[in-house]
Amino acid sequence: MDPALSPSFWLGSLGPLTRRAPLPGDTTADVAIVGGGYTGLWTAYYLAVAAPHLRIVVLEAEYCGFGASGRNGGWCSGLFPVGSDRLARRYGAGPAEALHRHLVDTVDEVGRVAAAEGIDCHYAKGGTVTLARSRAQLRRAEASPDFIDADTAAKICGATDVLGGTYSPDCAALHPARLVRGLAEAVERRGVTVHEDTRVLGLRRSAVETDRGTVRAPMIVRALEGYTAGLPGHRRDLAPVYSLMIATAPLDPATWERIGLARRETFSDERHLVVYGQRTADDRLAFGGRGAPYHFGSRVRPAYDRVPGVFEALRATLTEMFGIDPPIAARWGGPLGIPRDWMPSVGLHEGIAWAGGYVGDGVAAANLAGRTLADLILGDLTERTTLPWVGHRSRRWEPEPLRWLGINAALHVTALRDAWERR
């Protein structure tokens with residue numbers, strides 16, 4: 001695949017793509033999964049492992065990994081978009097701690113399956129460091145039990161103006177497209193049928209309507225994440241908000257000696273408008289962040305993947321953060337799914353299952369969601385099926401123009417807060 005034409009640097013780096021055959025017409029299955037990203041493929045994988053007799057069909061509009069699963073920053077972390085204090089207030093300390101523990105364990109589970117299935121996704125569990133580079137950021141870092149002092153933080157990541165930070169071991173850097181493409185091959189080896197170039201037009205109990213035919217199945221899984229709003233009846237379930245990324249050319253050893261990240265730790269800082277980065281296996285900096293606008297009516301278009309102003313801001317942030325001005329080899333972006341209360345969910349009701357709303361923290365969470373969906377579909381009562389996000393229903397987003405006004409105003413205010421703190 002030509003990197004210049006690919007939706008992401010990650011996908012472009014894998015070379016030519018051979019698409020799988022589309023759905024040939026009407027068919028039946030035991031489980032029909034809508035979406036060929038992490039959530040759909042992990043669900044298919046664990047179902048196929050636990051119940052090899054099931055006829056499982058995965059339906060993907062483009063190709064596996066076309067969406068966020070092939071475009072994200074490659075953080076496989078125990079992060080969850082809802083804070084532990086808020087979870088504890090709503091569900092109790094025990095359930096909140098159980099969810100956190102399962103997410104932390106999932107970081108290792110992803111690495112275990114990748115190794116077992118021969119998926120070379122450049123998995124490296126070096127943890128993650130969040131730097132404090134202003135007085136306001138330092139106050140936030142000092143309030144965390146994971147606080148580290150300036151010397152410790154700077155030894156991990158040699159950024160400028162480091163005053164302290166936090167460190168967690170519960171994160172691995174990986175090549176997201178290698179993971180999703182390898183996972184698609186792994187489920188096929190286990191008997192799952194994957195149809196690409198098959199656009200789902202609607203779903204109802206026991207049937208999925210596509211542009212290639214109808215799949216009838218007693219169990220249906222909706223796993224569309226940032227593309228959920230394009231499904232009839234689901235426009236206000238998840239808001240597709242764009243996150244953009246850049247990747248540098250490979251950096252020389254002397255530069256890496258100064259920057260550090262020797263164990264491929266992922267990195268960020270304490271600003272409000274999220275940024276995230278990793279050192280890739282071939283010694284690039286892959287760096288991304290929020291700031292691209294939400295588009296009216298929850299529209300998702302290829303043209304929205306590229307916002308020159310955001311790309312320039314990301315490049316400038318790298319320059320300011322590390323004192324370098326490296327050549328930028330790739331620029332890309334894509335939508336992620338945000339529920340109204342920022343609470344991801346997993347569930348099953350009357351034969352239709354769903355999972356998503358990861359708010360950008362989905363690499364590990366999608367694996368846990370896939371295992372949980374497999375439990376629910378098979379009727380197995382496990383600790384996973386009792387976690388706080390199971391059965392959760394977020395309030396729907398407001399109708400337009402309130403949705404457009406609210407989301408973009410929040411993005412603008414968040415950027416202003418960061419600018420004020422820098423001053």
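Remember, predicted model here, so these are calculated numbers, not experimental data. Quick note: numbers below take in every heavy atom, side chains included, and nothing from hydrogens, waters or symmetry partners.
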Please determine which of [options] meets the side-chain contact (heavy atoms from CB on, under 4.5 Å) test together with [X].
X	options	answer
L285	T280, T255, I246, I324	I324
Y358	V363, T39, L336, I338	T39
V34	V215, I352, L203	L203

Answer yes if the side chains of [X] and [Y] hold a donor-acceptor pair under 3.5 Å, and no otherwise.
X	Y	result
T382	D375	yes
H102	T372	no
R371	T106	yes
T214	E209	yes
R264	Q278	yes
E265	Y167	no
D341	H392	yes
Y294	R403	yes
S243	Y276	yes

Check for a donor-acceptor pair, side chain of [X] on one end and backbone N or O of [Y] on the other, with a separation under 3.5 Å.
X	Y	answer
E225	G357	yes
R222	A353	no
Y46	G370	no
N408	P293	no
T128	T266	yes
Q137	A141	no
W420	A415	no
E60	E62	yes
R133	T160	yes
D418	R271	no

Do R393 and W354 form a cation-pi contact, if we require the NZ or CZ to be under 6.0 Å from the six-membered ring centre and within 45 degrees of the ring's axis?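 Yes, R393 sits over the ring of W354.
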State whether W256 and R279 meet the cation-pi test: NZ (Lys) or CZ (Arg) under 6.0 Å from the six-membered ring centroid, and within 45° of the perpendicular axis. yes
Chi angles and distances behind the salt bridge (Lys or Arg N to Asp or Glu O under 4.0 Å) call for R340, D237: CA-CA 8 Å; R340 182 63 179 82; D237 288 359; over 6 Å; no
[X] vs [Y] side-chain heavy atoms within contact, under 4.5 Å:
X	Y	result
L273	L411	yes
R19	L17	yes
S69	W42	no
V82	V359	no

Please report the closest heavy-atom contact between [X] and [Y], naming both atoms and the distance.
X	Y	answer
G36	V180	O-CG2, 4.1 Å
C171	K125	O-CG, 3.5 Å
G73	W10	O-CZ2, 4.3 Å
L314	G289	CD2-N, 3.7 Å
A369	V346	CB-CG2, 3.9 Å
D211	D197	OD1-O, 4.5 Å

Going from CG on D170 to CG on D105, what distance comes out if it is rounded to the nearest 0.5 angstrom? 9.0 Å
Is the CZ atom of R189 crowded by more than 12 outside heavy atoms at less than 6.0 Å?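 Yes, enclosed.
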May I ask you to decide if the ring planes of Y242 and Y304 are parallel, tilted or perpendicular, using 30° and 60° as cut-offs?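 Perpendicular, since the angle between the ring planes exceeds 60°.
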Do the ring planes of F267 and F287 sit parallel (below 30°), tilted (30 to 60°) or perpendicular (above 60°)?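 Judged by the thresholds at 30° and 60°, the geometry between F267 and F287 is parallel.
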Determine whether E312 and R331 satisfy the following criterion, salt bridge (Lys or Arg N to Asp or Glu O under 4.0 Å), listing intermediate values before the conclusion. CA-CA 10 Å; E312 176 55 28; R331 300 169 177 83; over 6 Å; no
Would you sort out whether E383 and R101 count as a salt bridge (Lys or Arg N to Asp or Glu O under 4.0 Å), showing the intermediate values? CA-CA 11 Å; E383 187 178 20; R101 174 167 44 83; 3.0 Å; yes
Working note: T210 + H195, criterion side-chain hydrogen bond (donor to acceptor under 3.5 Å, both in side chains); need CA distance, chi angles, decisive distance, verdict. CA-CA 11 Å; T210 83; H195 291 299; over 6 Å; no
